[in-house]
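Report on the following structure.
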Amino acid sequence: ETGVTQSPTHLIKTRGQQVTLRCSSQSGHNTVSWYQQALGQGPQFIFQYYREEENGRGNFPPRFSGLQFPNYSSELNVNALELDDSALYLCASSLEGRDPLEQYFGPGTRLTVT
Amino acid sequence: ELKVEQNPLFLSMQEGKNYTIYCNYSTTSDRLYWYRQDPGKSLESLFVLLSNGAVKQEGRLMASLDTKARLSTLHITAAVHDLSATYFCAVDMLQGGSEKLVFGKGTKLTVNP
């Protein structure tokens with residue numbers, strides 16, 4: 001167990017809807033990264049939050065947005081859902097500046113868009 | 001753009017056999033990570049390789065890193081069924097102030113009795 005939790009475990013949404021996924025970081029970790037893992041693929045970096053601000057973004061459109069809260073829990077929001085958004089969404093917590101980077105992954109949220 | 005390539009993508013092997021998974025990456029990095037993922041589960045960290053020539057072993061798995069060749073290997077010795085899973089290598093890179101992991105597509109390993 002990594003101490004990182006995510007909710008919900010599974011989610012089914014309809015195209016065009018909006019969704020919010022939640023992540024609770026490992027205690028003491030101030031950085032959270034979100035990854036999208038499509039079926040049969042490796043995880044792809046969506047963005048990272050550090051001290052409640054976006055700290056880097058991958059190749060994802062603005063309809064993917066996030067929040068990090070003072071207790072370091074975080075949310076991933078996706079607007080105007082598309083079928084291709086169906087994937088496993090993983091959050092990973094880490095400590096900024098730690099070398100090497102040690103990211104602890106949560107169990108993931110499986111999102112299905114119909 | 002950093003690219004990470006693994007091969008093979010699918011590997012079916014018999015118990016007791018040895019095999020190697022390869023991970024090539026396209027830009028300079030001296031941090032290489034190996035993860036294991038069971039079906040429907042999250043990523044479990046296996047190894048972190050930090051320098052050229054680094055070698056780490058855990059049980060039947062041994063990982064190595066050659067930063068000059070931009071190549072890491074994950075060697076499986078005397079495979080057992082419990083090793084069946086998907087294995088990912090990842091390289092970290094700095095982008096826009098954040099440090100992120102770039103993953104390969106994974107190698108799905110099936111160990112048959």
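Keep in mind the model is a prediction, meaning the values are calculated, not measured. Protein chains get the first letters and strands the later ones, always in sequence-line order, with residue 1 at the start of each.
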Handout entry: Path from V19(A) to I46(A) over hydrophobic side-chain contacts below 4.5 Å
Key = yes

Handout entry: Common cluster, L9(B)/V102(B), ILVMFWY with side-chain heavy-atom separation under 4.5 Å
Key = no

Practice task
For residues L21(A) and W34(A), determine if any side-chain heavy atom of one lies less than 4.5 Å from a side-chain heavy atom of the other.
Solution key: yes

Problem - Flag if over 12 foreign heavy atoms under 6.0 Å of OH, Y22(B) - result: no

Practice task
Quick one: sort the Y35(A) and F45(A) rings into parallel, tilted or perpendicular, breaks at 30° and 60°.
Solution key: perpendicular

Handout entry: Under 4.5 Å from a heavy atom of chain B, the part of Q6(A) involved
Key = neither

Handout entry: Check: N55(A) side chain, Y49(A) main-chain N or O, donor-acceptor pair, under 3.5 Å
Key = no

Practice task
Select all residues of residues 103-113 of chain B having any heavy atom within less than 4.5 Å of some heavy atom of chain A, and report them by number, or 'none'.
Solution key: F103(B), G104(B), K105(B)

Practice task
Please list, in residue-number order, every residue in residues 67-92 of chain A that has a heavy atom less than 4.5 Å from any heavy atom of chain B; write 'none' if there are none.
Solution key: L88(A), L90(A)

Practice task
Measure L101(B) against the heavy atoms of chain A and call it side chain, backbone, both or neither at under 4.5 Å.
Solution key: both

Exercise for the section: Could you tell me whether a side-chain N or O of N52(B) sits under 3.5 Å from a main-chain N or O of T67(B), the two making a donor and an acceptor? Expected result: yes

Handout entry: H75(B)/T20(B) under side chain to side chain donor-acceptor pair (under 3.5 Å): CA gap, chis, key distance, verdict
Key = CA-CA 4 Å; H75(B) 187 73; T20(B) 299; 2.7 Å; yes

Exercise for the section: Would you mind checking which part of K100(B) comes under 4.5 Å of any heavy atom in chain A, side chain (CB onward), backbone (N, CA, C, O), both or neither? Expected result: both

Problem - Any donor-acceptor N/O pair, S72(B) side chain to S64(B) backbone, under 3.5 Å - result: yes

Exercise for the section: Keeping the roles fixed (side chain from R60(B), backbone from A78(B)), state whether a donor-acceptor pair exists under 3.5 Å. Expected result: yes

Practice task
Give a yes or no on whether the backbone of S26(B) and the side-chain of R70(B) come within a donor-acceptor separation of less than 3.5 Å.
Solution key: yes

Handout entry: Contact origin within Q6(B) toward chain A - heavy atom pairs under 4.5 Å
Key = neither

